[in-house]
Amino acid sequence: MTIRSRISGIGKYVPERVLTNFDLEKLVNTSDTWIQERTGVRERHIAADDETASSMGILAAQQALAQAEVSPDDLDLIIAATTSPDGMFPAIASRIQDGLGANHAGAFDINAACVGFLSALATASQFIATGTYQRILVIGSEVLSRIIDWNDRNTCVLFGDGAGAVVLEAAEQGGPLSFVLHSDGSGASSLYAHGPCSAPNGLEADGYFISMDGRRIFKFAVQAMESAIREAIDKAGLDLSDVDLMIPHQANLRIIKATAKALGLPPERAMINVDRYGNTSSASIPMALREAWEQDRLHEGDRLAMVTFGGGLVWGAMIFEWSAVGPVRPKAAPVHATTASGS
Ligand code: ACO
């Protein structure tokens, strides 16, 4: 029998420094009006010099572990998704494992651009479904500000830094009902960042920073997210009307609204926080999930549609049945009117 899983804790961390659209007006030829109208972003957070994807991941993870009431020592595995790691290796997951003191956990990273967290969550759910592991920490953490060309107005207005984390635990019910992951590597040239990497002259090569064909990605994003949700819904044997809340990748408000419209979902059924964080790539979905919980928008039995797209090109969706966060409480003993002694 397949073992189900549930998210027992969610954490989020964003750096203190806020960069507003008005700050960007001083850097490049842009305006708050343009950025808000075309992207929905008002501000984003930028990591301090001493912050990294792993240091931010640790802080998000600690919040998730505290909510789940899980000790780092009880973790079986840590999977971290990032496109802006501290270095080529070690994996940030290993740095996070050390920082948390998760002494019994294995650790590895996943890079699937903005589909990283969803890919990591899908992977974790399979380890649990097979009975291999019981408790897995899944993190998305990004310091995109370090792979952005701050002279390029086409990209620098879109992205931000942040981290999100969830604890995924074996459970009797809930968890992923289905997921789909897709890739079309032939679209690599429309969204990429070459460095730092092992390609010849990687560091000096054109394309060290995020490079993007915005219009092409926009069209791809709406079509890819719509089809991924439809496919995942079919796979779960559900109907679109069963979706209580869509948790989309927070890349652009217009992309989110167009996707909801294409699916016939009312706009209020889409979680949105892109206005305050911009696009945080693999941190975007767990950060949105944490805020949905803070806003009391996640209820027992709700069907969430997590959906995302990114450089690869890659895209995917997961239908996730929600159950309450926090530790699993032992079932209460049945209450009897009389005790065995009859007193
Ligand atoms: N400020 C002012 N003007 C700008 C800016 C800016 N920051 N950026 C571009 N423009 C200009 C362009 O130069 C263009 O001028 P022109 O008409 O004189 O040539 C004009 O605005 C319109 O440009 P478009 O590209 O057509 O604008 P569009 O409405 O498509 O919005 C945007 C651009 C916001 C980039 C949009 O296409 C988009 O969001 N695309 C998807 C981006 C995305 O989600 N990427 C995912 C990355 S995920 C990952 O894996 C890292």
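Both counts, for ligands and for their atoms, begin at 1 and track the order of listing. These numbers come from the heavy atoms of this one structure, side chains and all, not from hydrogens, waters or symmetry mates.
D275 places no side-chain N or O within donor-acceptor distance of the main-chain N or O of V41, the cut-off being under 3.5 Å.
A salt bridge between R276 and E43 is absent, with no side-chain N of the basic residue lying under 4.0 Å from a carboxylate O of the acidic one. No salt bridge links E231 with K235; every basic N to acidic carboxylate O contact stays at or beyond 4.0 Å. One finds a salt bridge joining R95 and D86 here, because a Lys/Arg side-chain nitrogen approaches an Asp/Glu carboxylate oxygen to under 4.0 Å.
The option with the heavy atom closest to atom 50 (O) of ligand 1, from among G311, G40, G116, is G311. Between the choices C114, A113, S84, the shortest heavy-atom distance to atom 51 (C) of ligand 1 belongs to C114.
In summary, the atoms of ligand 1 found under 4.0 Å from a heavy atom of I255, numbered by their order in the structure, are 41 (C), 44 (O). Annotation for ligand 1: atoms under 4.0 Å from non-hydrogen atoms of V157 are 7 (N). Proximity to F309 (heavy-atom distance under 4.0 Å) selects the following atoms of ligand 1: 44 (O), 46 (C). Less than 4.0 angstrom separates some heavy atom of G310 from each of these atoms of ligand 1: 50 (O). Distances below 4.0 Å separate heavy atoms of A251 from the following atoms of ligand 1: 44 (O). Interface atoms of ligand 1 facing T39, defined by a heavy-atom separation under 4.0 Å, are 34 (C).
Of the protein's non-hydrogen atoms, the one nearest atom 41 (C) of ligand 1 is G214 O, 3.6 Å. The nearest protein atom to atom 31 (O) of ligand 1, hydrogens excluded, is given as R254 NH1, 3.8 Å; this is a heavy-atom distance. Protein heavy atom at the shortest distance from atom 12 (C) of ligand 1 is R153 NH2, 3.9 Å. For atom 27 (O) of ligand 1, the nearest non-hydrogen atom of the protein is R38 NH1, 3.2 Å. Among all protein heavy atoms, the one lying closest to atom 30 (O) of ligand 1 is R215 CG, 3.7 Å. With respect to atom 42 (C) of ligand 1, the closest heavy atom belonging to the protein is M212 SD, 3.5 Å. The protein atom (non-hydrogen) at minimum distance from atom 38 (C) of ligand 1 is N252 ND2, 3.6 Å. Considering only non-hydrogen protein atoms, atom 33 (C) of ligand 1 sits nearest to W34 CH2, 3.9 Å.
Here the side chains of W322 and R297 are not in contact, with every heavy-atom distance at 4.5 Å or above. You'll find the side chain of R290 stays beyond 4.5 Å of the side chain of M287, heavy atoms only. Residues L168 and L121 are in side-chain contact: their nearest non-hydrogen atoms beyond the backbone lie under 4.5 Å apart.
Heavy-atom separations between I35 and ligand 1 are all 4.0 Å or longer. Using a 4.0 angstrom heavy-atom cutoff, I210 does not count as in contact with ligand 1. Residue V115 places no heavy atom under 4.0 Å from ligand 1. Contact between S281 and ligand 1 is absent, with no heavy atom of the residue lying under 4.0 Å from the ligand.
The aromatic rings of W315 and F220 sit perpendicular to each other, their planes meeting at more than 60°, with 30° as the lower class boundary. Below 30°, between 30° and 60°, or above 60°: for F108 and F127 the angle between ring planes is between 30° and 60°, a tilted geometry.
Between W150 and F209, the ring center distance fails the sub-6.0 Å criterion.
Of all the heavy atoms of T30, the ones lying under 4.0 Å from any atom of ligand 1 are found in both the backbone and the side chain. Residue contacts with ligand 1 for N279 involve side-chain atoms from C-beta outward but no N, CA, C or O (heavy atoms, distance under 4.0 Å).
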